[in-house]
Amino acid sequence: MRTWATRASLCASLALVLSALTPAAVFGQQRAPVPQIDPALYSQLTWRTIGPAGNRVSAVVGIPGDPNTYYIGAASGGIWKTADAGLNWEPIFDDQTAQSIGSLAISPSDPSTVWAGSGEACVRSHISVGNGIYKSTDAGRTWTHMGLENSGRIAEVVIDPLNTNTVFACVLGHAYGPQQERGVYRTTDGGKTWERVLFADENTGCTALVMDPSNPRVLFAGMWAIEIHTWGRESGGMNGGIYASRDGGTTWRKLEGNGLPRPPVGKIGLAIARSNPNRVYAQIETGDGVPWKDYEPQSGQLWSSEDGGLTWQLVSHDRNIMGRAHYYTHMWVSPSNEFETYFLSGSYAVSRDGGRTLDVVGGRAAPGGDNHDMWIDPTNPDRMIVGNDGGVSISTTHGGSWMRIQLPIAQMYHVTMDNEIPYNVLGNKQDGPSYRGPSNSRASEGASGTPIPRSMWHTVGGGESGWATPDPED
């Protein structure tokens, strides 16, 4: 069941009841009793997709060496899979209670084992949280909930390439206040039991986790103190920063000094070069010269290490490295070139000198805007997939061209109806305008699931944070 479609259809059903309440009834004037609806009638209702065109992909992953298979996770639309290089997609997570996906991972030693961390970690003021971590051992056909129910948001899932039963979960938490269930969790029995192996404090969660591709005993974690309020976000804390483990996650040490900015710092992004694992990159939110409470301002966006995280150098102050840090802070390194780096934010930027200079790619040459996740085939760096607020984009030409795909996963914030017959549905789409479209159309096939044609949806003004509400009489 698609989350956004469920809300729209539910509101449409309720509208049938509410339409009987005239203004006279609302203001207490006497009128004839409203006929009661037999609850059995509701069992005859079926769900159908009506639109509008979808967006907002928060997690992507593919199978190394398999150009046909990809999985994507939506911010509030579950998990989808393609087995024909993106031509056709199947929803494979609709039966699960969580539909917000924060991370996806495929076992390197067993591609039929897929993990999904629920709860999107690209935080906004209106974001869906999850209810833990899920596992499939049959390539996504069936799923089992594997615990971490109070994790809120799982930013990364990392699997030991030598042991498919050893898995790490990077737990940010719900981020609306102090919470114990934050940090890095590890299972060594395929998810039957979990141990929290890294905990900074109740206000600080994990936002990034990477493993040395040549040595699974070496891990780096980015810890972030974040609290979301209705009026804004508070980012940064003394216990935030980069933590390292050299014994497979059993013990951790916070990295301080040696070229890194002093605490407090904000959100962290991490990447390790597959072609040279001694080269580690770190995106660090410093405020770019803005004072943090009583502390002197710091600046910088990107740091790098050439000795496996022992010492660091400030590489760049370019805002395209991170953009709005809470919403982005994602980077990747080409598996064949330690200096070829990709930075995903509101823009899409590529560097070929380790982030010192950036080429901000725009227009049709970019995979899209508001980019959140990327996967590059370690066996073929020409093949990559990017998830963003417009959908998902796939390239087999090293980013030279992109196939852009939209799935029926539009993240709708509000739904209202008008009184026309057939009635129209109005709503506000994330990163889009306010939409109005018919509840039914001869051009669609009704209950078969064919959506209302895209051409029948049109904007009515306003943006994603507003309301599209019609006058009841006009």
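Sequence positions, counted from 1, serve as the residue numbers for this chain.
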Visitor: Drop me the distance from Asn380's CG to Asp66's CG, to the nearest 0.5 angstrom.
Guide: 12.0 Å

Visitor: Under 6.0 Å between the ring centres of Tyr348 and Phe343?
Guide: no

Visitor: Testing the 3.5 Å rule here: is there a donor-acceptor pair between the side chains of Asp389 and His372?
Guide: yes

Visitor: Is the shortest side-chain N to carboxylate O distance from Lys81 to Glu90 below 4.0 Å?
Guide: no

Visitor: Using 30° and 60° as the class limits, which term best fits the ring planes of Trp375 and Tyr70: parallel, tilted or perpendicular?
Guide: perpendicular

Visitor: Does the side chain of Ser305 come under 3.5 Å of the side chain of Asp307 through a donor N or O and an acceptor N or O?
Guide: yes

Visitor: Are a donor atom and an acceptor atom from the side chains of Tyr328 and Asp370 found within less than 3.5 Å of each other?
Guide: yes

Visitor: For residues Asn55 and Gln411, is any side-chain donor paired with an opposing acceptor at under 3.5 Å?
Guide: no

Visitor: Indicate whether any N or O donor in one side chain lies under 3.5 Å from an N or O acceptor in the other, for Asn337 and Ser334.
Guide: no

Visitor: Between Asn239 and Asp201, do the side chains contain an N or O donor and an N or O acceptor separated by less than 3.5 Å?
Guide: yes

Visitor: Do Thr329 and Glu285 get their side chains close enough for a donor-acceptor pair, meaning under 3.5 Å?
Guide: no

Visitor: For Thr164 and Ser107, test the side chains for any donor-to-acceptor distance below 3.5 angstrom and give the result as yes or no.
Guide: yes

Visitor: Sequence neighbours left out, what passes salt bridge (Lys or Arg N to Asp or Glu O under 4.0 Å) with Glu195? Give chain and number order.
Guide: Arg186

Visitor: Quick one: list whatever passes salt bridge (Lys or Arg N to Asp or Glu O under 4.0 Å) with Glu120, sequence neighbours left out.
Guide: Arg56

Visitor: Looking just at side-chain N and O atoms, do Trp332 and Thr341 make a donor-acceptor pair shorter than 3.5 Å?
Guide: no

